[in-house]
Amino acid sequence: MPGAPSTGRDLHIDTPLSNIVVGRRPEGFIADQLLPITPVAKQSDVYYKFNHGEGRRFVQDLTVRAPGTEAKKVHMTVSSDTYYCKNYALATDWPVEDVVNADEVLAWAESNAIMLTDRLMVDYERRVADLAVNTSNVYTVTAINTAWSNTTGSRPLDDLLAEKEEFRQWSGQMPNLAIVPEQVMTYLRRSDQLRDILFGDKGGLVTESALASLLGVQKVLVPMSQVNTFGETETINGSWSLADIWGPHFWFAKVNLLSGRYTDTWMNAFRWTSPLLGVPMAVQRHPYDTRRKAYDIEVGYYQTEKIVSTDLAVRVQSVI
């Protein structure tokens with residue numbers, strides 16, 4: 001007895017290609033490392049936020065109870081915010097002639113799925129960088145006296161340890177990561193102050209792990225991502241160039257998975273998986289179009305990125 005015909009997502013979702021694009025991470029991007037992703041059951045919903053300052057309040061003799069009296073009552077406040085997971089997607093098509101005449105090594109379906117994913121990742125990285133650069137999304141923006149590009153005269157560790165202590169003073173917490181774009185890190189690797197502390201007279205270059213250890217953070221993220229903002233004509237004829245997605249700045253931040261009501265984080269991503277797709281980053285292959293003699297493919301996902309607590313990030317402005 002023949003099996004039931006394929007319907008819904010079984011007909012369109014290409015599982016092998018979906019696995020390829022989920023596992024692909026274009027070089028130099030940090031968005032998927034910076035933002036914790038909270039899987040959500042609904043495309044839009046409400047999440048709650050507690051005032052963490054209330055837990056640190058001190059009132060003299062508040063906890064003292066006189067004989068025969070009730071304990072003094074304290075209360076907490078709660079606020080809420082909302083999220084809506086937008087559908088980010090790109091599609092492409094190619095005629096049957098390309099498949100028939102192209103070398104097998106091109107693997108048209110796989111190559112196009114990867115191309116679409118790369119374009120989606122560029123968009124994702126740019127969205128996150130735009131959030132980070134926005135002055136209203138960090139607690140404060142500070143400046144330094146001597147640019148770190150002056151590798152002999154600047155004092156980057158002094159600058160950053162002072163900034164880290166200020167972070168603790170206003171937030172009551174410690175940052176757990178630093179963002180150092182490659183255009184900044186290239187000078188920190190050669191900083192006389194950092195190299196003297198780490199190596200003395202032995203020489204050497206400052207690594208990301210060594211910098212993380214000096215700053216007392218869990219990790220240092222070094223985005224190298226670049227973007228081409230030129231038009232299609234300039235891109236095809238070669239008169240285009242790349243620009244860094246992240247600017248010449250430095251960030252301290254505290255980022256945690258927003259998995260519980262008592263967890264706090266600078267920013268967070270909410271990702272919804274459509275029941276019709278079944279996977280978070282889905283590759284859909286549409287049926288062969290006999291009229292156009294063409295194949296169609298699209299890649300998409302549902303997500304939004306939110307600033308949760310502005311007081312858990314600081315940007316050090318134009319450090320080079």
Side-chain angles (χ1 to χ4, degrees), residues 25-35 121-122 124-135 137-168 174-229 240-255 266-267 312-320:
R25 178 177 295 165
E27 184 178 355
F29 287 13
I30 67 164
D32 56 345
Q33 302 176 68
L34 171 62
L35 266 75
M121 289 295 289
V122 168
Y124 180 17
E125 186 85 0
R126 184 64 182 265
R127 294 197 310 269
V128 173
D130 286 346
L131 284 175
V133 172
N134 190 325
T135 302
N137 290 335
V138 295
Y139 182 80
T140 187
V141 176
T142 60
I144 58 174
N145 292 324
T146 304
W148 299 344
S149 51
N150 180 350
T151 57
T152 60
S154 63
R155 308 286 292 178
L157 187 60
D158 294 351
D159 295 334
L160 293 177
L161 291 182
E163 196 64 38
K164 183 181 177 183
E165 173 57 18
E166 289 191 23
F167 189 107
R168 185 187 72 84
M174 300 295 281
N176 61 0
L177 65 83
I179 303 173
V180 192
E182 175 61 27
Q183 58 182 315
V184 175
M185 191 66 195
T186 188
Y187 293 105
L188 292 185
R189 291 190 184 99
R190 295 177 281 133
S191 165
D192 278 2
Q193 184 193 29
L194 298 179
R195 294 172 67 205
D196 286 345
I197 293 172
L198 290 170
F199 310 112
D201 296 330
K202 298 178 182 179
L205 295 178
V206 180
T207 63
E208 287 86 338
S209 60
L211 182 60
S213 180
L214 287 175
L215 297 178
V217 295
Q218 294 176 8
K219 60 182 175 180
V220 169
L221 297 178
V222 182
M224 298 182 290
S225 48
Q226 296 174 295
V227 63
N228 167 21
T229 59
W240 57 276
S241 61
L242 293 173
D244 287 310
I245 291 179
W246 296 79
H249 316 300
F250 177 101
W251 287 262
F252 269 133
K254 184 165 187 179
V255 177
W266 174 34
M267 62 171 70
L312 293 183
V314 60
R315 176 159 56 92
V316 186
Q317 178 80 7
S318 302
V319 293
I320 58 174

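Just so you know, residue 1 is the first one in the sequence shown, and it goes up from there.
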**Q.** salt bridge (charged side-chain N to carboxylate O under 4.0 Å, His left out) partners of Arg168, counting only residues at least two apart
**A.** Glu165

Q. Is there a donor-acceptor pair closer than 3.5 Å between any side-chain N or O of Arg195 and the backbone N or O of Gly204?
A. yes

**Q.** N/O donor-acceptor pair under 3.5 Å between Asp192 side chain and Gly153 backbone
**A.** no

Q: For Leu215 and Leu157, run side chain to side chain contact (heavy atoms under 4.5 Å, CB included): C-alpha distance rounded to whole Å, both residues' side-chain angles, the deciding distance at 0.1 Å, then the answer.
A: CA-CA 8 Å; Leu215 297 178; Leu157 187 60; 3.9 Å; yes

Q) So do the side chains of His249 and Pro181 get within less than 4.5 Å of each other, counting heavy atoms only? A) no

Q) Quick one: ring pair (Phe, Tyr, Trp, His ring centres under 6.0 Å) partners of Tyr187, sequence neighbours excluded? A) none

Q) Between atom CG of Leu211 and atom CG of Leu160, what is the distance when rounded to the nearest 0.5 Å? A) 7.5 Å

Q: Specify the closest pair of heavy atoms between Phe199 and Val206, including all atoms of both residues, with the distance to one decimal.
A: CE1-N, 4.4 Å

**Q.** Gap between atom CD1 of Ile179 and atom CD of Gln33 - 0.5 Å precision
**A.** 11.0 Å

Q: In sequence, state the C-alpha distance, the side-chain angles, and the governing distance for Thr140 and Thr142, and then conclude on side chain to side chain donor-acceptor pair (under 3.5 Å).
A: CA-CA 6 Å; Thr140 187; Thr142 60; over 6 Å; no

Q: Over all heavy atoms of both residues, which pair between Val128 and Ala31 is shortest? Give the atoms and the distance, please.
A: CG2-CB, 3.9 Å

**Q.** Trp240 side-chain N/O to Asn228 backbone N/O, donor-acceptor pair under 3.5 Å
**A.** no

(Q) Could you go through Leu177 and Trp266, starting from their C-alpha distance and side-chain angles, then the distance that decides it, and tell me whether this counts as side chain to side chain contact (heavy atoms under 4.5 Å, CB included)? (A) CA-CA 11 Å; Leu177 65 83; Trp266 174 34; 5.9 Å; no

Q | Working for side chain to side chain contact (heavy atoms under 4.5 Å, CB included), residues Leu221 and Trp251 | A | CA-CA 10 Å; Leu221 297 178; Trp251 287 262; over 6 Å; no

**Q.** Min side-chain heavy-atom separation Val222-Val184 under 4.5 Å
**A.** no

Q. Would Glu125 and Trp246 count as having a side-chain donor-acceptor pair, cut-off 3.5 Å?
A. yes

Q) Under the salt bridge (charged side-chain N to carboxylate O under 4.0 Å, His left out) test, which residues partner Asp158, sequence neighbours left out? A) Arg155

Q: To the nearest 0.5 Å, tell me how far Leu161 CG sits from Phe167 CZ.
A: 14.0 Å

Q) How far apart are the closest heavy atoms of Ser154 and Ala147, and which atoms are they? A) CB-O, 3.3 Å

Q: Write down the atom of Val217, the atom of Pro175, and the distance for their closest heavy-atom approach.
A: CG1-O, 3.8 Å

Q) With Ser149, which residues qualify under side-chain hydrogen bond (donor to acceptor under 3.5 Å, both in side chains), at least two apart? A) none

Q: Answer yes or no: is there a side-chain heavy-atom contact under 4.5 Å between Arg126 and Thr229?
A: yes

Q. So, do Leu198 and Leu214 sit near enough that their side-chain heavy atoms are less than 4.5 Å apart?
A. yes

**Q.** Side chain to side chain, Val255 and Leu35, heavy atoms closer than 4.5 Å
**A.** no

Q: Mind checking the OG-CZ spacing from Ser225 to Phe29? Nearest 0.5 Å is all I need.
A: 5.5 Å

Q: Find the distance between CE (Met185) and CG (Leu188) and round it off to the nearest 0.5 Å.
A: 6.0 Å

**Q.** Under the salt bridge (charged side-chain N to carboxylate O under 4.0 Å, His left out) test, residues paired with Glu166 that sit two or more places apart
**A.** none

Please set out all donor-acceptor pairs under 3.5 angstrom arising from side-chain atoms of residues 313-320, sequence neighbours excluded.
| residue | atom | partner | partner atom | Å |
| --- | --- | --- | --- | --- |
| Arg315 | NH1 | Gln317 | OE1 | 2.1 |
| Arg315 | NH2 | Val133 | O | 2.8 |
| Arg315 | NH2 | Thr135 | OG1 | 3.3 |

Q: Carefully, step by step, assess Met267 and Leu34 under the rule side chain to side chain contact (heavy atoms under 4.5 Å, CB included).
A: CA-CA 9 Å; Met267 62 171 70; Leu34 171 62; 4.2 Å; yes

Q) Got a second to check how far Asp159's CG is from Gln193's CD, nearest 0.5 Å? A) 8.0 Å

